[in-house]
Structures are given as C-alpha cells and as structure tokens.
Amino acid sequence: MSQQRPAPTDCPLRVTVPAGTAAGQALRDAGAPTSGPDALVVARDDGGVLRDLTWAPGTDTDVDGVPASSEDGRSVIRHSCAHVLAQAVQQLFPEATLGIGPPVTDGFYYDFDVARPFTQDDLASLEKAMRRILKAGQRFSRRVVESVDAARDELRGEPYKLELVDLKGDPTDEWDTSEVMEVGAGELTVYDNVHAHTGETVWSDLCRGPHVPTTKHIPAFRLLRTAAAYWRGSERNPQLQRIYGTAWESQEALDAHLEWLAEAERRDHRRLGAELDLFSFPEEIGSGLAVFHPRGGVVRRVMEDYSRRRHEEAGYEFVNSPHITKAALFETSGHLEWYADGMYPPMHLDAELAEDGTVRKPGQDYYLKPMNCPFHNLIYRSRGRSYRELPLRLFEFGSVYRYEKSGVVHGLTRARGFTQDDAHIYCAPEQLAGELKSLLTFVLDLLRDYGLDDFYLELSTRNEAKYVGSDELWAEATETLRRVATDSGLELVPDPGGAAFYGPKISVQARDALGRTWQMSTIQLDYGMPERFDLEYTASDGSKQRPVKIHRALFGSIERFFGVLLEHYAGAFPAWLAPVQAVGIPIADEHVDHLQQVAKALRSRGVRVEVDASDERMQKKIRTHTTQKVPFLLLAGGQDVGAGAVSFRFRDGSQVNGVGVDQAVDAVVSWIARRENASPTADDLPLGTS
RNA sequence: GCCGCCUUAGCUCAGUCGGACAGAGCGGCUCACUCGUAAUGAGCAGGUCGGGGGUUCGAUUCCCCCAGGCGGCUCCA
C-alpha cells in the first residue's frame, strides 16, 4: 500500500580534474553519461561545494560527478528550471520584477511582483514559453560581477534583487540569503542565459548557482500552482505572486511524482471522511469545528480505548476538567499574556447595572480553554503532595479551542476545536531524566501499535522573543531533553526558536505510507508553570520542593491523529480500528438467516458486523463494501449454507471459500484481537477449506 | 489575518456570453429480478443555483458585503 516518491539514485563518479580543465570535460573523458536520467548536471569539488560543469579548478582537484537523478542533481535542475520560469514570466509579462526562486522539496518556486496575479491560463502559456526556452538549449553562463556598484547598476530595474545585494553586505540581518541559493557567498555572480547559436545573452539573473549546463538538461517539468507569498517571509512586507513547479531528471520520474501527488489527493482525509461517512464540518457550526458521525465515532472510540488502557498500565491517572474558566486561571498560567491572540475572545458574564446605568457589579471574563495544563495544576494543588506520589501522571482527553486564523484551518489536521490526549507529569528533579526516557519509549511503542513506525525527533529550543523563565532553567531543560533524544538513537533535527513560551520540547515526527512527515507526539519540559502555580511537594527530609512538570501529548490531537491514520491507511483502517469489521453478503435471500447466525456469533465476541440483506445483487454488495474498505466480507450461498461454512473475500480481492463457521469466527476474532495493522488477505489468514 | 480561486440536488460535476419548466451520474426511495466474488432493470422523489444587499424590465449568471471551502504566505501553546 505504501507509495513513495521516485527514489533518488547515487552513482558517484570521481575523477581528478587537472588544473585549468573544466570539470565537465574531465568527467566526460572518464566516461560520465551526458544524457539520460543519470547525466551529470554539476560537479561536487573536494570541499563538497557544487560547481558548474564549466568550472575549472586552479589546481588539480578531485571532483564527483553529480547525476541528474541524485538529490543534489534534482535540486540543481529545479533551480535552473526556476530560472527558465522567470525568463518566461518576463517574456510574457515584461513589467514583472523578480523576487527569489529557490529549489524546495520536490520542486521549486519563483516569486514575482506583477500587476495582476497569475491565472491558471497564465500557467499554461508560461509552460509553453518555458518549453520553447528548453528546446532552444540556452547555455547557463556564470559571470562574476566586478563590484557591488556594478551589480547595483545592472539590477536597477529589479528592486527586490537590489535589496538582496544590499542585504548581503549586512551580516546583522537575520535573513539568510544563502539558504535561498540566490546570491553568492564570497562574490556576486550573475547567470546569463546565452542563445545556443548566436551567443547572445537572452536573459540574466543574479544568482549563486550552480546550474545545469544548458536548458536541454531540464528533461521534465510541470508548473503546479500559484499563490501569494510575503517578500522575505514577513507579513509586514508586500506580497509577491509565487508560482510553484516541479522538475525531474526524466519524464518517468515526473510522471511518478505526479502520480504520487494524485495518490495523496485520493487519500486526503477530508475526501475520505465524506466518502466513508466518518465526519463532517457543518457550515452551521463554524470553521474548523468537526462532528464525528457514527462510523468515525467508533474508530475514535477504539483509538481512545486502547490508548486509555495503555496509559493505565503505564501508571497514569485519569482526570477531567471543564471547557471554560475565569480569566484568572490563564492570567496565572501566562496564556493571556502570551497567547491571547490564539484564544477565543472571552464571554463577559454576571455584570449587573444599577438603575442609572452605572456598573453595580463588574462581572467576569470566562475563556474557552486553549490548553488543559492549568487545570491539571489546580488538581495537583488541591491538596498537599508527598514525594512518595511522584511522578504524578495526570491524563485527560481534554477538548481545547484555539482561534486559528481563518487561512490556516485545514480539515482535521488544523482545527479550531480538538481533543488532546494530554498528560502532565509532575516529578522530582532527580526523576526527570528517567521519566523522560521511559516516556519516549512509551510514546514510540504506542505509535507503533497504531501502525506508524518510521520516526525522527525534533528538538525545539527557546524562542528568544517569547519565553518565560530563567536562562539556567532553560539551558538545563534543553540539555536534558537533548540527552534523552540522543540516547533514543533516532535522528534528531534541531528546531531553533520552536519552543512554547514555558519550555523546550521534543516532538516525534512520523512518516506515513506516502513518506510525508507529521508532527505527532510532543514532550515538553516546564519549570515555569510549577513556579507560577506555586506547586510543591514535601520531600523525604520534610522540606518543601518544587516539582518539574512534563507536558506530553501522544496523538497531539485525536482529530489530527485520526486524519493522519486515515491518510496513512488510505481509508483502509486496520481491522481492529475499522468502523465495520465484517459484512455478511448473502448470494440470495434464502442465505440471509445463515449469515445472521454467523453475525450473531461474531457480535457476541465483540466484532462490529453487519449483514447486507438489501435486494441488490451480490456483486453490487461486494463492490459497495469493498469501496467502504471493510476488511472481512463473508459470503454465503447454497454451498456454504449446506456445509455450515462461509466464504471470505478480502479488500485485495483474494478469497477463501467454504470455511467452517466456527473456524471463520475464530480467525476474524483473533485477527482483530492481535491488532494486526495490515489488511487481511487470503494468504495471511490461517484458514483451511473445510 | 493576507493574496488568488471556488460554492448549482446528500456526493461528484454539467449549464446559463443577463431571458423559456436548471441537467447528468452516483446515492436515496418504490417495484420487478433471487443472482457465487467490484455496479440488474424500470420508475419516483430531491435544487429559495451558499446567505444578504445592489444594478436591471428581468440575476443562478454582473457588482458589493458576509459565511464556508481550496491553494499558498504568515502563524501554530
């Protein structure tokens, strides 16, 4: 079921390039491919820097050829393709000025300042113009600009490029120009696109490079969509018009990528949610607020039940807290100070006016909760705590509401109301490392039980503009998390500035069946909240001590996790989670009773089973329940009834006929009980024909 | 929040360059068929063309506002 993007290849070819010889020449002499998906597009020098193939080292240098089909090769193709796009845009829209045009994961974009936004039709004409450019075989020719002033002069019609030139000289600016591969590090370079025959420069762009030798080395591309984007990523800046595209080393690779995109669209949880009758977002309720239908509700309940059980086994205690609270609680926690923008506005209650209209009683602001943790602090504080109680692990499926900006709401994965599987662990400082370690193991094990098994970790560190607490505590907390993360042996990716205001966090990123990554669990360290709420415990020596708090969500949000699993499984949930686990399909009416008996036996053992007694034809029923992704279809006709048997049909179309009813029931029940995440097929269900 | 696009039956979508009873497939319901592994046939019902305002003799169609959605940007406790 898993479908991945076209895999990059790597077929390194290393040669020694003699001083003064072009790297491309040396590689060609060594027999490097010059056409096809493995054709070299650039070279990597012995310092790891990517160079144009025309680059000629000053001394003898070892270089690697970089094939088009490698990750680096693809990036270069995409970057060059972005240039071709920009050239096409300025051909068709001469007034357009240029922003930046870097390669990104699976593609590239280029930003333009244009009089009117691009339309779909524009994309079609731009693709046409780009094909003409590719066909013309323009050469990408690197040129070092003598001075910053010369560059300014050359770029006088390009205000955004000028800004980049000026920024380059300003090391205090936080905008990293190298990241977007636009302006060179030590010097300013321009790439001229040179006509294949006349040698005339057709178009130029300020750019670090490197680039493919000629536009013929961009074998396949597609423009995908248009969007607006703020210049240099800040909403204080003007919005430019961005065009996204993708480019690949071959038509086949492009086609595979487009097919991957189409598969992602087919799996979109919003689409599957409607098709499988799982949930919806009624307009009447409001943006980002879902209702779960019976079938979605079952899946959710099973997900939650299993999680509950595992948490109980791991020493968690279950608590509950209300959805709204007076403002004071979020003043204490700091939410109103730091995150009021993300909260629904308050309800003002209980105010009373006197006869003359003056306020007699001021009233209170009540807020919908965006987080559960302040409530759990109150539970902790409800009585004195002993060190013997620690770690105290409080767990809640807590519904929270966050006023997400209208443009970011997205199905179940970014909602305004959702349920966190939220736990807060209060422990003594010396328990912290051990608790974090077992916590990470617990989290990963549980995610694996739901069928996700490809992880990496992200360490989010302090956002200097938004934090509370002392430097020492942050440093200590961050170091502790880093150690636990490193010890896990998983890949660790830094996320500077990504922490919440009260502490650093580790997040578990999971890759799904399409290779996409999702942030799942978060483990957050918090010294600040215990202080704000003045939480204490009595230590063994009778002294009062401050506990450390760990915030931890495993699914993150139930809704989001539901959406991720739905896409991961393309709607074909594992049998233990499937809303309907088995459907009985009679060949004719006279076989219904037999299947009702089978269904009764299954139901008595906890299986969610239905019998389709409608007067559709059997073939139609098979189709219906296959498209509904039911894992076990149990057919019965005259032969089965006569033999006291049923015939299995699975999602993949495989079948096992004439299985005795007892054996069939046992097989289904045990498959579900084992929580097998694969779809059952004739091959892996142990069924003998009776 | 910002930019662009979109909203026609439960779902997916035609259609109306401002003019006649707004169409199809799927789904639903009814009837017939009783069938061995992905769509049996026939009939019926179902739409204030997202909501409000404006322009016009006339608006589903043009304009404005609002809501909801989509793609991005920004944001993301």
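The shown structure was predicted, so the numbers you read here are calculated from the model rather than taken from an experiment. Every chain is numbered from 1, with letters handed out A, B, ... down the list of sequences.
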[N] [atom2] sits how many Å from [X] [atom1], rounded?
X: A:I585; N: B:U37; atom1: CD1; atom2: P; result: 12 Å
X: A:L123; N: B:G71; atom1: CG; atom2: P; result: 16 Å
X: A:R414; N: B:G1; atom1: CZ; atom2: P; result: 14 Å
X: A:L635; N: B:G36; atom1: CG; atom2: P; result: 11 Å
X: A:H293; N: B:C11; atom1: NE2; atom2: P; result: 11 Å
X: A:R416; N: B:C76; atom1: CZ; atom2: C1'; result: 13 Å
X: A:I243; N: B:G71; atom1: CD1; atom2: P; result: 19 Å
X: A:D612; N: B:C35; atom1: CG; atom2: P; result: 17 Å

Next on the checklist: Nearest heavy atom decides the nucleotide; on that basis, is A:L289 or A:A500 closer to the 5' end of RNA chain B?
Outcome noted: A:L289

Checklist entry - Given that A:Q239 and A:Q639 both sit by RNA chain B, which one's nearest nucleotide is further toward the 5' end? => result A:Q239

Is there a donor and acceptor pair closer than 3.5 Å between the side chain of [X] and the base of [N]?
X: A:E404; N: B:C76; value: no
X: A:Q655; N: B:U37; value: yes
X: A:Y230; N: B:G1; value: yes
X: A:S406; N: B:G68; value: no

Checklist entry - How are the rings of A:Y569 and A:F573 set to each other: parallel, tilted or perpendicular (split at 30° and 60°)? => result tilted

Checklist entry - Parallel under 30°, tilted from 30 to 60°, perpendicular over 60°: which one fits the rings of A:Y426 and A:Y380? => result tilted

Would you mind pulling out the nucleotide paired to [N], Watson-Crick or G-U wobble, both distances under 3.5 Å?
N: B:C2; value: B:G72
N: B:C35; value: none
N: B:A24; value: B:U12
N: B:G46; value: none
N: B:A67; value: B:U7

Distance check: side-chain N/O of [X] vs OP1/OP2 of [N], anything under 4.0 Å?
X: A:R270; N: B:G71; value: yes
X: A:R649; N: B:A38; value: yes
X: A:Y339; N: B:A77; value: yes
X: A:H591; N: B:G36; value: no

Taking the [atom1] atom of each, how far is [N] from [M], in whole Å?
N: B:A14; M: B:A67; atom1: C1'; result: 26 Å
N: B:C26; M: B:G53; atom1: P; result: 38 Å
N: B:A32; M: B:A38; atom1: C1'; result: 24 Å
N: B:C49; M: B:U40; atom1: P; result: 35 Å
N: B:G25; M: B:C21; atom1: P; result: 23 Å
N: B:G28; M: B:G10; atom1: P; result: 14 Å
N: B:U48; M: B:C63; atom1: P; result: 24 Å
N: B:G47; M: B:C11; atom1: P; result: 13 Å

Decide, yes or no, whether a salt bridge links [X] with [Y] under the criterion of side-chain N to carboxylate O below 4.0 Å.
X: A:R266; Y: A:E259; result: yes
X: A:D471; Y: A:R462; result: yes
X: A:R267; Y: A:D512; result: no

Students often get this wrong, so: under 4.0 angstrom with heavy atoms, is [X] touching a base, only sugar-phosphate, or nothing?
X: A:Y244; result: sugar-phosphate
X: A:H625; result: nothing
X: A:P370; result: base
X: A:T119; result: nothing
X: A:G638; result: base
X: A:G334; result: nothing

Checklist entry - For A:Y401, is the NZ or CZ atom of A:R416 found under 6.0 angstrom from the centre of its six-membered ring and inside 45 degrees of the ring axis? => result no

Next on the checklist: Surrounding CD of A:Q120 (heavy atoms of other residues, nucleotides or ligands, distance under 6.0 Å), is the total greater than 12?
Outcome noted: no

State, without any angle test, whether [X] and [Y] hold a side-chain donor-acceptor pair at a distance under 3.5 Å.
X: A:W231; Y: A:D111; value: no
X: A:H376; Y: A:S321; value: no
X: A:T681; Y: A:D683; value: no

Checklist entry - Do A:D422 side-chain atoms and A:F395 backbone N/O form a donor-acceptor pair below 3.5 Å? => result no

Checklist entry - Between A:K505 (side chain) and A:H551 (backbone), is there a donor-acceptor pair under 3.5 Å? => result no

If you check every side-chain atom of [X], which of [options] has the closest atom?
X: A:Q619; options: B:G4, B:G69, B:A39; result: B:A39
X: A:K405; options: B:U74, B:G71, B:A77; result: B:U74
X: A:V408; options: B:U74, B:U37, B:A77; result: B:U74

Next on the checklist: Please encode protein proximity along nucleotides 27-34 of chain B as a string of B, S and -, counting only heavy-atom distances under 4.0 Å.
Outcome noted: S-----BB

Checklist outcome for this item: Its contact letters, B for base, S for sugar-phosphate only and - for none at protein heavy atoms under 4.0 Å, make nucleotides 43-51 of chain B read ---------

Next on the checklist: Under the criterion ring pair (Phe, Tyr, Trp, His ring centres under 6.0 Å), I'd like the reasoning laid out for A:F112 against A:F93: C-alpha separation, chi angles, the key distance, then a yes or no.
Outcome noted: CA-CA 10 Å; A:F112 306 94; A:F93 307 91; 8.8 Å; no

